[in-house]
Amino acid sequence: MNRIKTLFKTKCFYILLLAIVLCNCKSEPKHQFGSTISINTEDIQNGKLIFEQKCSHCHNFKQDAIGPNLSGITKEVSKEWIQEFIKNPFKMISKNDARAKTLHQKYKTFMPEFPDISEKEFDELLSYMNSYLKKEASSNKSLEDVLDNPIKDTLAYSETKARIEFVAQVPSSAKNSPLARINKLECITNSSRVFINDLRGAFYELKDNKPKLYTSISKYHDSFMHQPGLGTGFGSFAFHPDFAENGLFYTAHSEKPYKMKADFLLPDSIPVKLQWVIKEWKSKDPKSTVFEGSIRELLRIDFVTIMHGIQEITFNPHSSKNDSDYGMLYIGVGDGGSVAYGFSKIALHGGSQVWGTILRINPQGNNSDNGKYGVPKDNPFVNTNNKKREVWVYGLRNPNRICWNTEGQMYASDIGHNIVEEVNIIEPGKFYGWPIREGKFVVDPYGNQSLAYALPENDADFGATYPVIQYDHDDGSAISGGFFSNTAPFKGKYVFGDIPEGTVYVADLSKANTDQRNIKKINIVFKGKQTDFGQLTQKRRIDLRLGQDCDGNIYMFTKADGKIYKIVNE
């Protein structure tokens with residue numbers, strides 16, 4: 001996700017380090033850069049731990065990831081400038097520092113400040129980074145063919161505004177922003193009960209607009225892992241459509257690796273950074289406001305990085321007991337950052353593996369390989385050789401939200417790398433392009449994935465299905481998947497957002513088949529005044545997510561301050 005026009009704002013050092021790549025330092029001659037950095041083995045090892053906690057979800061030393069390839073970076077700029085920028089990038093931009101200002105103008109965003117990083121931590125981090133020599137990512141394509149700004153127009157604003165009202169304040173789970181890593185809001189089917197999770201492990205029910213702790217992942221799982229951020233933790237939850245009778249609900253969370261063997265293993269030569277686990281919880285009393293009951297594991301998946309795990313599990317809320325889809329659990333599985341980190345074959349598997357897919361299972365069945373869940377007989381690859389029976393669709397990078405329209409059509413948002421953010425109509429058995437396509441553009445999975453190329457004349461031979469709508473990084477950074485509103489003023493429209501920017505959009509997907517840019521931005525009105533989530537949170541990174549209750553109302557909530565809002569019709 002190394003951005004062309006705007007960079008994914010995240011708690012790591014990618015803005016700093018790309019600035020380093022772009023600009024020269026004035027404080028000392030370039031040939032001296034890195035000469036005073038410690039090469040002590042212990043410092044390097046300590047720096048590695050710091051890097052893995054703070055930077056690894058954005059950077060590696062092979063090629064561009066969310067941020068730039070960091071190999072050789074300490075030889076290109078002084079450590080004094082790096083340290084000053086880390087502590088307060090906004091201050092440096094305000095002072096018109098040439099490098100900081102150039103970067104901000106190019107990427108239109110700010111890096112969060114890190115004023116509390118100690119001298120020792122900083123020096124150890126540099127020691128680790130300094131151990132890598134410069135290495136450029138190769139590309140199998142000609143740079144002359146690169147599309148400069150593939151989508152040249154920008155999105156306009158809708159005439160209809162979103163009037164929002166404050167709903168609740170979720171308790172802080174950390175001292176610094178993001179205060180509450182609230183990630184998903186959903187109701188129990190056909191009820192007024194609404195729940196929201198914090199990636200750090202807490203699971204709340206909203207009672208009279210106040211969050212009441214229902215349970216916590218960490219209470220039951222000593223290997224639970226929610227650090228570093230950017231996707232780790234309590235990723236998602238879903239209540240069985242018969243929860244009122246059977247008390248069943250499901251969760252996805254990340255754990256430290258190696259304690260238990262995964263059901264879906266990475267090759268032996270590839271390191272495992274963490275595992276994502278799907279659990280079934282059975283409440284003794286479905287009406288209770290506090291969980292008490294039993295838990296069992298359904299499946300476990302290895303991941304090569306801390307990125308792009310499982311941020312979505314869900315049931316089709318529109319299916320009835322007579323439908324084959326009733327009670328089938330959908331699981332959105334990201335590519336695990338495999339492509340960005342040089343393991344493209346993990347994602348480019350043609351449906352033979354689970355990474356970069358949406359899975360569909362019957363949690364109450366037992367015909368899976370591990371005998372803990374069922375594989376529905378109407379899954380598209382259930383009788384196909386060299387395909388995983390659980391796979392519903394494949395070729396997605398980071399499917400972060402799944403929803404259905406009132407006609408029962410399934411949609412999924414997919415967070416892009418560098419070119420576009422997209423929403424796809426999901427139809428069983430289809431390939432959605434990643435990692436050889438991003439949106440309706442060609443990418444090189446073995447080269448520089450930040451570059452976009454036009455589709456070839458024989459594009460149909462590759463069998464890719466393209467998004468129903470897409471936007472590029474002139475208009476946002478990372479899509480926060482949305483829902484079809486069932487209430488005015490956006491009844492029947494798809495409302496979604498952008499995670500770091502906090503922008504809200506609306507799209508009429510009934511017309512989108514003929515216009516992939518059928519998207520408009522939405523102005524926000526709070527307490528009678530037009531505003532935006534930057535003003536409401538007083539933060540430069542918003543971390544916006546959307547949710548929906550059983551009446552079809554759309555909610556918006558921000559990790560930056562842990563507040564929940566609802567769109568209202570005034």
Side-chain angles (χ1 to χ4, degrees), residues 183-189 195-197 231 234-241 249-252 276 278 298-299 301 308-319 323-335 354-363 376 379-380 390-416 421-434 465 467-470 478-486 493-497 499 505 507 509 512 545-550 552 554-555:
N183 199 52
K184 180 177 180 178
L185 181 150
E186 188 174 87
C187 67
I188 296 176
T189 303
F195 289 75
I196 189 168
N197 69 318
F234 176 14
S236 187
F237 64 91
F239 287 90
H240 192 279
F249 67 95
Y250 300 85
T251 61
W276 277 88
I278 305 297
L298 297 187
L299 61 88
I301 304 174
H308 311 170
I310 298 177
Q311 294 294 300
E312 177 70 305
I313 60 174
T314 188
F315 293 96
N316 181 350
H318 300 293
S319 63
D323 298 334
S324 62
D325 207 28
Y326 191 78
M328 301 299 107
L329 183 66
Y330 291 89
I331 306 170
V333 183
D335 76 345
V354 298
W355 297 279
T357 69
I358 294 175
L359 308 180
R360 180 175 180 258
I361 68 170
N362 178 1
N379 272 11
E390 293 89 345
V391 170
W392 189 248
V393 298
Y394 62 100
L396 298 166
R397 182 175 180 271
N398 190 10
N400 74 326
R401 196 61 70 234
I402 297 170
C403 72
W404 285 260
N405 65 12
T406 55
E407 287 75 40
Q409 177 62 60
M410 183 179 179
Y411 292 79
S413 55
D414 194 19
I415 297 176
E421 307 301 311
E422 61 187 66
V423 177
N424 295 280
I425 294 176
I426 300 299
E427 297 178 334
K430 288 195 172 181
F431 167 56
Y432 288 87
W434 183 256
T465 298
V468 65
I469 54 172
Q470 62 181 12
I479 190 169
S480 179
F483 302 88
F484 290 89
S485 177
N486 195 38
K493 304 293 180 61
Y494 181 72
V495 180
F496 62 109
I499 294 170
Y505 312 92
L509 298 191
R545 299 294 192 278
L546 281 77
Q548 188 173 39
D549 64 21
C550 287
I554 302 292
Y555 293 74

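Positions are given from 1 along the sequence.
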**Study point:** Aromatic plane relationship, Phe234 with Phe237 - under 30° parallel, 30 to 60° tilted, over 60° perpendicular
**Key:**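 It falls in the tilted class, 30° to 60°.
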Practice item. Could you tell me if the ring centre of Phe315 sits under 6.0 Å from that of His240? Key: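 Yes - the distance between ring centres of Phe315 and His240 falls below the 6.0 Å cut-off.
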Check your understanding: Looking at Phe195 versus Phe249, is the centre-to-centre ring distance below 6.0 Å?
Key ->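 Between Phe249 and Phe195, which both carry aromatic rings, the centre distance is not below 6.0 Å.
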Checking [Y] against [X]: is there a side-chain donor and acceptor pair closer than 3.5 Å?
{"X": "Tyr330", "Y": "Asn316", "value": "no"}
{"X": "Asn183", "Y": "Gln311", "value": "yes"}
{"X": "Trp434", "Y": "Asp335", "value": "yes"}

Can you tell me how far the CG atom of Leu396 sits from the CG atom of Asn424, to the nearest 0.5 Å?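 Answer rounded to 0.5 Å: 6.0 Å.
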Going from CZ on Arg360 to CG on Asp325, what distance comes out if it is rounded to the nearest 0.5 angstrom?
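Those atoms lie 4.5 Å apart.
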Phe484 six-ring face occupied by Lys493 cation (under 6.0 Å, within 45°)
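Judged by the rule, Lys493 and Phe484 form no cation-pi pair.
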Quiz item: Going by heavy atoms in the side chains, are Leu359 and Val391 under 4.5 Å from each other?
Solution: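 Touching, per the 4.5 Å side-chain cut-off.
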**Report entry** Min side-chain heavy-atom separation His318-Asp323 under 4.5 Å
**Finding:**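 Heavy-atom side-chain distance check fails, nothing below 4.5 Å.
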(Q) Could you work out, with side-chain hydrogen bond (donor to acceptor under 3.5 Å, both in side chains) as the rule, every residue matching Tyr250, not counting sequence neighbours? (A)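 Only Glu280 meet the side-chain hydrogen bond (donor to acceptor under 3.5 Å, both in side chains) criterion with Tyr250.
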* side chain to side chain contact (heavy atoms under 4.5 Å, CB included) between Val495 and Tyr505, intermediate numbers included -> CA-CA 6 Å; Val495 180; Tyr505 312 92; over 6 Å; no
Consider side chain to side chain contact (heavy atoms under 4.5 Å, CB included). Of Thr465, Asn405, Ile469, Val468, which one does Ile425 pass it with?
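Only match with Ile425 under side chain to side chain contact (heavy atoms under 4.5 Å, CB included): Val468.
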request  = Only one of Val333, Ile331, Ile361 passes side chain to side chain contact (heavy atoms under 4.5 Å, CB included) with Ile313; say which it is.
outcome  =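 Of Val333, Ile331, Ile361, side chain to side chain contact (heavy atoms under 4.5 Å, CB included) with Ile313 is met by Ile331 alone.
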